[in-house]
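A short write-up of the structure that comes next.
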Amino acid sequence: MIDRVLVADDEESLRTVLGMLLRREGYEVTTVEDGFEALEALETETYSILLTDLRMPNLDGMSLLRRVVGRWPDMPVIVLTAHG
């Protein structure tokens, strides 16, 4: 069972909505604004899954994905985008 979810997205409204929906389903959710904040969160807490936006400032979703796969190879990652 997935119980702790990390959401990385630079859009505050999307972070809020995703967090609310996931919490309503019983998940513990942490939200962060970019890839660097996601890496910091992953270093300090254990998460079952990472949901990340593709386009973010500072460290984008693909760069974050590469780093996560290198450091936590078994972590499921879902990459989201609203970009066409």
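Each residue takes its place number in the sequence, starting with 1.
- There is no path of hydrophobic side-chain contacts, each under 4.5 Å, that joins I78 to M20.
- Summarising the geometry of V5 relative to Y47, their closest heavy-atom pair is C-CD2, 3.7 Å, with the distance given to 0.1 Å.
- Atom OG1 of T30 sits about 6.5 Å away from atom CD of E45, to the nearest 0.5 Å.
- Nearest approach of A8 to L50, heavy atoms of both residues: CB-CD1, 4.4 Å.
- Hydrophobic clustering (side-chain heavy atoms under 4.5 Å, transitive across Ile, Leu, Val, Met, Phe, Trp, Tyr) groups V69 together with V77.
- Counting heavy atoms from C-beta on, the side chains of F36 and R67 come closer than 4.5 Å.
- Side-chain contact check for M75 versus I49: every heavy-atom pair is 4.5 Å or farther apart.
- By the 4.5 Å heavy-atom criterion applied to side chains, M56 and E33 are not counted as neighbours.
- Nearest approach of L64 to A38, heavy atoms of both residues: CD2-CB, 3.8 Å.
- Side-chain contact between D53 and D10 is present, with heavy atoms from C-beta onward closer than 4.5 Å.
- The closest donor-acceptor contact from the side chain of R4 to the backbone of T46 lies under 3.5 Å.
- In this structure, CG on L51 lies 6.5 Å from CG on L22, to the nearest 0.5 angstrom.
- Distance alone, capped at 3.5 Å, places no donor-acceptor pair between the R15 side chain and the T31 backbone.
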Review point. What do the steps show when you test E28 against R23 for salt bridge (charged side-chain N to carboxylate O under 4.0 Å, His left out), and what is the final call?
Key: CA-CA 6 Å; E28 289 183 37; R23 286 182 189 100; over 6 Å; no
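- In this structure, the side chains of L59 and D34 stay at 4.5 Å or more apart for every pair of heavy atoms.
- In terms of heavy-atom proximity, D60 sits nearest to L54 at CB-O, 3.4 Å.
- Residues L21 and L80 do not share a hydrophobic cluster, clusters being chains of Ile/Leu/Val/Met/Phe/Trp/Tyr side chains in contact below 4.5 Å.
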